[in-house]
Amino acid sequence: MNAPCAIQHPRVSPENLGDPATFQRLLAQEKVPVPAFLKPAPAAGLGDADLAVDRYFSADFHRREMAGMWPRVWQFVGRDEAIPNAGDHLVYDIGDRSVIVMRGEDGVVRGFGNSCLHRGIALRPEGGHVEQLRCPFHGFTWDLAGAMKSLPCSWDFKHLAPARQDLPQVRVETWAGFIFINFDKDAEPLQSWLGVMPAHFADYGLDRATTLLHVRKRIPCNWKLAQEAFFESFHVRATHPHIMTFTDDVDSQYDVFSDNVARCITPMSIASPNLSGVTEAEVMRDCIAASGRMSDANGAAHQLPAGMTAREYIGEMNREAYAAASGVDLSQATLAELQDAILYSAFPNFQIWAGYCGNIVYRAIPDGQNPESCIYDVMVLGRHKAGEARPAAPAVHWLSDDEPFSSAPELGALGPVLDQDMRNLPHMTRGLKASLTGVVTLASYQELRIRAHHHTLDKYLAD
């Protein structure tokens, strides 16, 4: 990565900064038709009530989530290309529950309870490949569709009806190569759960998406804190000052579409209003070098043509590169869809950046029954050309507890940015516990997605 130059720009007093209409003014400058879904969503009307701090560390609140929410929601497990062949499988753990998500001989992906029907031992310790599911304790065996294949000493189990011998299943449904599970047999279909997302992502070629990288790390904080670190761009000035030369942080647009789906749009290739004196050439160079998701990372190799803005230059650079990589004509793509941080969230813990390439995916999962720890996943998706075989998914890069994200070279410039976010989180837990007010106070607009997230969570806990 070519690091941005250490140029110090004067900071503007932050008290009166921020204009949510900025993104719509940028859309008005587009030279191609603008998709209607980039317009603001109607006001959500969620109020301004404070949140109790204990929902971020209380063992009792964690138990309520595990009992009232997690068994009833669609949960992202992994990508389709991670289990391309019969017998390939992932193991997904949530609280005390564990599911084997496996591709069968018929190509169907199923989810089996990770528990032997005999004495309950876990059938698989982790993902991988098997020809059959075999209990490591007594050797009970099931085929890849979950049907009983071998029951040792079957004469001693005459009391079992045939239906009781097949592995119980959870619901498995997919969208755009993403595999989800749900423990609730009566839950609404995944496509309905995702609301506007399938329509909004329809032109982005996710049917040809492939995982470029997958990094995972245990974070010492509640899963909601890790999720919410990416729910707003308000924190850039204090947490990520080095990206302000190309990130229009406080002018972001926030939208809530339903109980499950919300969005933040942060314009890129534009200097933050927090800085003054940033030139277009600096914006271009720093965005290419330090954003971590543009089609090139060598900012010094580019010269901004006279009369062209950094936003125009980077958008056209990405248009050309992404079209060549995917084999798709992107002449009608907006500059916004080619570079801006358009980040959608689907309740409870799935986040994905929209656009034609470089889609970052975030997921935070509770770490067992510990309310002050979570497992955090970062993935980046690229594209393969139509007619070409989908490349194999890379192995998950598990970082140790003391390894920063920046130690994963595949993350490039994203690594240091993630580390800046993660350094805040343990201190948030400490501060929340030390709070003398007992509440969290949120901004009315810029932290709208956080409020919406808790609004939906509370609906599950109230049932």
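Numbering of residues begins at 1 and proceeds along the displayed sequence.
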Margin query: Measuring only between side-chain heavy atoms, which start at C-beta, is Asn298 closer than 4.5 Å to Ile288?
Written below: no
Check: Are Ile352 and Tyr362 close enough that some pair of their side-chain heavy atoms sits under 4.5 Å apart?
Finding: no
Can you list every ring pair (Phe, Tyr, Trp, His ring centres under 6.0 Å) pair that touches [range], not counting sequence neighbours?
range            : answer
residues 258-285 : none
residues 259-294 : none
residues 381-412 : none

For the residue pair [X] and [Y], is the inter-centroid distance of their aromatic rings smaller than 6.0 Å?
X      : Y      : answer
Tyr356 : Tyr322 : no
Phe57  : His62  : no
Phe347 : His454 : no

Notebook entry, point to check: Do the numbers put Arg97 on top of the ring of Phe183, so that NZ or CZ is under 6.0 Å from the six-membered ring centre and no more than 45° off the axis?
Noted result: yes
Show which side-chain atoms of residues 28-42 pair as donor or acceptor with protein atoms under 3.5 Å away, not counting sequence neighbours.
unit_1 : atom_1 : unit_2 : atom_2 : d
Glu30  : OE1    : Leu335 : N      : 2.9
Glu30  : OE2    : Leu335 : N      : 3.1
Glu30  : OE2    : Ala336 : N      : 3.1

Notebook entry, point to check: Quick one: ring-ring contact (aromatic ring centres under 6.0 Å, His included) partners of Phe178, sequence neighbours excluded?
Noted result: Phe76, Trp175, Phe350
Next item on the list: Identify, with sequence neighbours excluded, every residue that meets salt bridge (charged side-chain N to carboxylate O under 4.0 Å, His left out) alongside Arg449.
Entry: none
